[in-house]
Amino acid sequence: MTTVVMPQLGESVMEGTVVRWIARPGQKVERDEPLVEIATDKANTEIPSPSAGVLVEQLAKEGAVVTVGGALARLDEAGAAAAAAAPQAKPAPKAASPAAPSGAATAEADADANGVRATPVGRNVAQEHGLDLSKVPGSGAGGRVMKSDVTTYLEKGATSSQQSELQPPLSTFPGQKAPTAPPPAYAQPPPYSQPPPYSQPPIAPVYSQPPPPSFGPGYQGFGPIAITLRAYKPPKYTPKEGDQVVPFDQRRRLIAEHMVYSKATSPHVPCTAEVDMTNLTRLRGEWKRAKETGGKAPSFLVGVCRATVQALAEFPRLNAVVQDESVILRKDVNLGVAVETEKGLLVPVIRKANELSVLGLARAIDDLAARGRTGKVTADELSGGSFTVSNPGLKGNLFGAAIINQPQVGILRMGEIVKRAVVRERDGEDAIVIRSMMYLTLSYDHRVIDGVTGNGFLHRVRELIEEAKFEL
């Protein structure tokens, strides 16, 4: 009897979610035949059977979160046929009982100093929101707090006692005691025929000096007004006849989580450059005639990626990741290239892009894009990036600012290439000429990138593209 366990699906992947079982109990499977589909925070992956045999039992249900090394299923290698192995699937749960201590040991290993058991992803989500895990009821084995427990708890909101903890201390100016009761109401109606300008005392900012003596006619209170922080929730929409409700799938849920996390974590600063693509357009014509390309010229995206890689060597602070309170300048340029698929956005990573030629970059981009659209890209190929280039399409896309792919600190977004009349100097005189132009937008993380560095990097990328001196 063989136990199929959750494999290591990537260097940063600690657990996976069982999306669907491909093989059923009692089914005979061959070696390397897909057993189950697993979703990680990087990609969906089909787990193959380690050997030929009969699937006796599914140890993890669909939707369950399983850590790396955790049991997924039991496989009977001695089973000759599904019909003979099917009856053995019933007593199998008894045989699974010895595995319980192992699960308990895993839960103990996940316990923190306070004895709270949680999955790595659940613990990370709680830390991102400053949530005390001891207040979150766990639904996993032995009370283990799962990621779903944390997200559900956050969606429901904190209890009244925790909301009081979220209330900020009353701001005071030097020598003043914080008020212990709400400010008194207006002593008498204001002597105006019109309604008073304030129906309630306005919220006061924190003052380094004493605030004005009053906030409205007749107001007798002193000091700033206490406020309570509350999370805004939009009104819930009730679907009507003819509406189509499309639930998030695993990919869309992960994309949504990553985008919200990035916007909440990094202060994004966008800056845009207008790039003359005319010389690169001519260079692509030369590439097409070159025998090395076989008549297929590398795309504009390849040219932008090549310029980006060269500029990153001159501005290494853009080729970095943020970790805790440090910025790590990466030696290798692992370039992420955003790819749109039927199931959503993927960002496969080209390892050591700084060591590749133009042709090498073109082949790597084509290969990763094709496998990304067919679902054959691996989790490792979707992680470890140090900078990203996004090309959402060259039609109807003048310019836009992309969201940074965490924990990176920058992303370039290409716009539409259009012919425009621009002013150029010819023989010492200004002349209006027609050129192929494109807007290129850089979004950078202002925590670690200042304006001079960000603008300098974008300007250098623009120079390299307009010079178009890339060799195949």
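Numbering starts at 1 and runs along the sequence shown.
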Side-chain ion pair, [X] and [Y], N-O less than 4.0 Å:
| X | Y | answer |
| --- | --- | --- |
| Arg20 | Glu62 | no |
| Glu274 | Arg420 | yes |
| Arg371 | Glu381 | yes |
| Arg462 | Asp276 | no |

TODO: Verify the distance criterion only: is there a donor paired with an acceptor across the side chains of Arg413 and Thr441 at less than 3.5 Å?
DONE: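 Absent: no donor and acceptor within the cut-off.
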[X] [atom1] to [Y] [atom2] distance, which is reported to the nearest 0.5 Å:
| X | Y | atom1 | atom2 | answer |
| --- | --- | --- | --- | --- |
| Ser299 | Lys296 | OG | NZ | 8.5 Å |
| Asn354 | Leu361 | CG | CG | 9.5 Å |
| Lys28 | Asp76 | NZ | CG | 11.5 Å |
| Glu57 | Thr3 | CD | OG1 | 9.5 Å |
| Thr2 | Glu77 | OG1 | CD | 3.0 Å |
| Arg284 | Thr293 | CZ | OG1 | 10.5 Å |

Taking C-beta and beyond as the side chain, do [X] and [Y] meet within less than 4.5 Å on heavy atoms?
| X | Y | result |
| --- | --- | --- |
| Val246 | Gln244 | yes |
| Thr378 | Thr45 | no |
| Pro25 | Val56 | no |
| Asn391 | Phe300 | no |
| Val322 | Arg447 | yes |
| Arg74 | Leu59 | yes |
| Ile38 | Thr17 | no |
| Val377 | Leu382 | yes |

Donor-acceptor pair, [X] side chain versus [Y] backbone, under 3.5 Å?
| X | Y | result |
| --- | --- | --- |
| Asp243 | Lys240 | yes |
| Trp21 | Ala60 | yes |
| Glu257 | Leu254 | no |
| Thr278 | Ser436 | yes |
| Ser357 | Gly360 | yes |
| His258 | Asn405 | no |
| Gln408 | Thr388 | yes |
| Asp249 | Arg252 | yes |
| Asn334 | Lys352 | yes |
| Thr265 | Tyr261 | yes |

Open item on the list: If you count heavy atoms of other groups shown closer than 6.0 angstrom to CD of Glu471, is the number above 12?
Closed with: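 Open.
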Open item on the list: Can you confirm whether more than 12 heavy atoms, excluding those of Ile432, are under 6.0 Å from its CD1 atom?
Closed with: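 It does not: Ile432 CD1 has 12 such atoms or fewer within range.
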Looking at every non-hydrogen atom in both residues, tell me the closest pair between [X] and [Y] and how far apart they are.
| X | Y | result |
| --- | --- | --- |
| Ile22 | Pro34 | CD1-CB, 3.7 Å |
| Leu359 | Pro298 | CD2-CG, 4.5 Å |
| Leu75 | Pro50 | CD2-CD, 4.3 Å |
| Ala353 | Leu335 | CB-CB, 3.9 Å |
| Ala307 | Ile465 | CB-CG1, 3.6 Å |
| Asp445 | Ser266 | OD2-OG, 2.8 Å |

TODO: Before giving the answer on side chain to side chain contact (heavy atoms under 4.5 Å, CB included), spell out for His268 and Ile403 the whole-Å C-alpha distance, their side-chain angles and the decisive distance to 0.1 Å.
DONE: CA-CA 8 Å; His268 285 56; Ile403 298 177; 3.7 Å; yes
Task: salt bridge (charged side-chain N to carboxylate O under 4.0 Å, His left out) pairs, two or more places apart, involving residues 310-337 - done: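 Sorted result for residues 310-337: Glu314-Arg460.
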- [ ] Kindly indicate, with the supporting measurements, whether the criterion side chain to side chain contact (heavy atoms under 4.5 Å, CB included) is fulfilled by Gln27 and Val54.
- [x] CA-CA 6 Å; Gln27 178 180 336; Val54 174; over 6 Å; no
Open item on the list: Does Leu442 form a side chain to side chain contact (heavy atoms under 4.5 Å, CB included) with Ile411? I'd like the steps, not just the answer.
Closed with: CA-CA 6 Å; Leu442 169 69; Ile411 181 171; over 6 Å; no
- [ ] Please name the residue in the list Leu346, Leu368, Leu301, Val347 that meets the side chain to side chain contact (heavy atoms under 4.5 Å, CB included) test with Val337.
- [x]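 Considering Leu346, Leu368, Leu301, Val347, a side chain to side chain contact (heavy atoms under 4.5 Å, CB included) with Val337 is found only for Leu301.
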TODO: Run the numbers on Gln310 and Phe470 for side chain to side chain contact (heavy atoms under 4.5 Å, CB included), then give the verdict.
DONE: CA-CA 10 Å; Gln310 289 184 224; Phe470 311 120; 3.5 Å; yes
TODO: For this output row, return yes or no: ring centroids of Phe315 and Phe387 closer than 6.0 angstrom.
DONE: no
